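Given the structure is predicted, the values throughout are model-derived calculations rather than measurements.
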Amino acid sequence: MRPLRPFNFNTSAELFPAAIRKKKRAGFTYRRFGTAAEAVQFAMEQLPTDSLNGAYLQVEEARFDQNGIRSLYESEAFPLPRRSKPAQAAETDADAA
């Protein structure tokens, strides 16, 4: 068995909408990104959850569904700054009080 290579966030990537949705309801159309990191960041920070549901990310021969995209975004190796979520900030403020 060949060892798994670490994921390369600098590889180009393609983001595809859910196949079963009509273009108008998908919220986005096919997009190509210079890096997988940019594609993951776009999917997690700019797409509504409804649009991400059923979409997939293609990086070389690998495909990542909504859960896979989320795992890449939450990975320690993710190279871009993550947008802080307002709900998390509110919880942090409440805990401090």
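Minimum heavy-atom separation, Thr29 to Pro17: C-CD, 4.1 Å. Taking both residues in full, the closest heavy atoms of Met44 and Leu52 are given as SD-CD2, 3.9 Å, listed atom of the first, atom of the second, then distance. Across all their heavy atoms, Ala13 and Leu57 have their closest contact at CB-CD1, 3.8 Å.
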Tabulate below the donor-acceptor pairs under 3.5 Å that side-chain atoms of residues 61-68 make, not counting sequence neighbours, or state none.
{"residue": "Arg63", "atom": "NE", "partner": "Gln58", "partner atom": "OE1", "Å": "2.8"}
{"residue": "Asp65", "atom": "OD1", "partner": "Asn67", "partner atom": "N", "Å": "3.1"}
{"residue": "Asp65", "atom": "OD1", "partner": "Gly68", "partner atom": "N", "Å": "2.9"}

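The line from CD of Glu74 to CZ of Arg82 is 8.0 Å long, rounded to the nearest 0.5 Å. From Glu38, atom CD reaches atom CZ of Arg31 across 9.5 Å, with rounding to the nearest 0.5 Å.
Between the side chain of Glu60 and the main chain of Thr11, no donor-acceptor pair closer than 3.5 Å is present. For the pair Gln41 (side chain) and Pro81 (backbone), a donor-acceptor distance under 3.5 Å is present.
One hydrophobic cluster, built from ILVMFWY side chains closer than 4.5 Å, cannot hold both Phe7 and Tyr56; they sit in different ones. A single hydrophobic cluster is not seen to contain both Tyr30 and Leu15; linkage of ILVMFWY side chains at heavy-atom distances under 4.5 Å, directly or through other members, places them apart. Side-chain heavy atoms closer than 4.5 Å link hydrophobic residues (I, L, V, M, F, W, Y) into clusters, and following such links, even through other members, never connects Phe16 to Leu72. Under the 4.5 Å side-chain heavy-atom criterion for Ile, Leu, Val, Met, Phe, Trp and Tyr, Tyr73 and Val59 are members of the same hydrophobic cluster.
Under the 30°/60° scheme for interplanar angles, the aromatic rings of Phe42 and Phe33 are found to be tilted.
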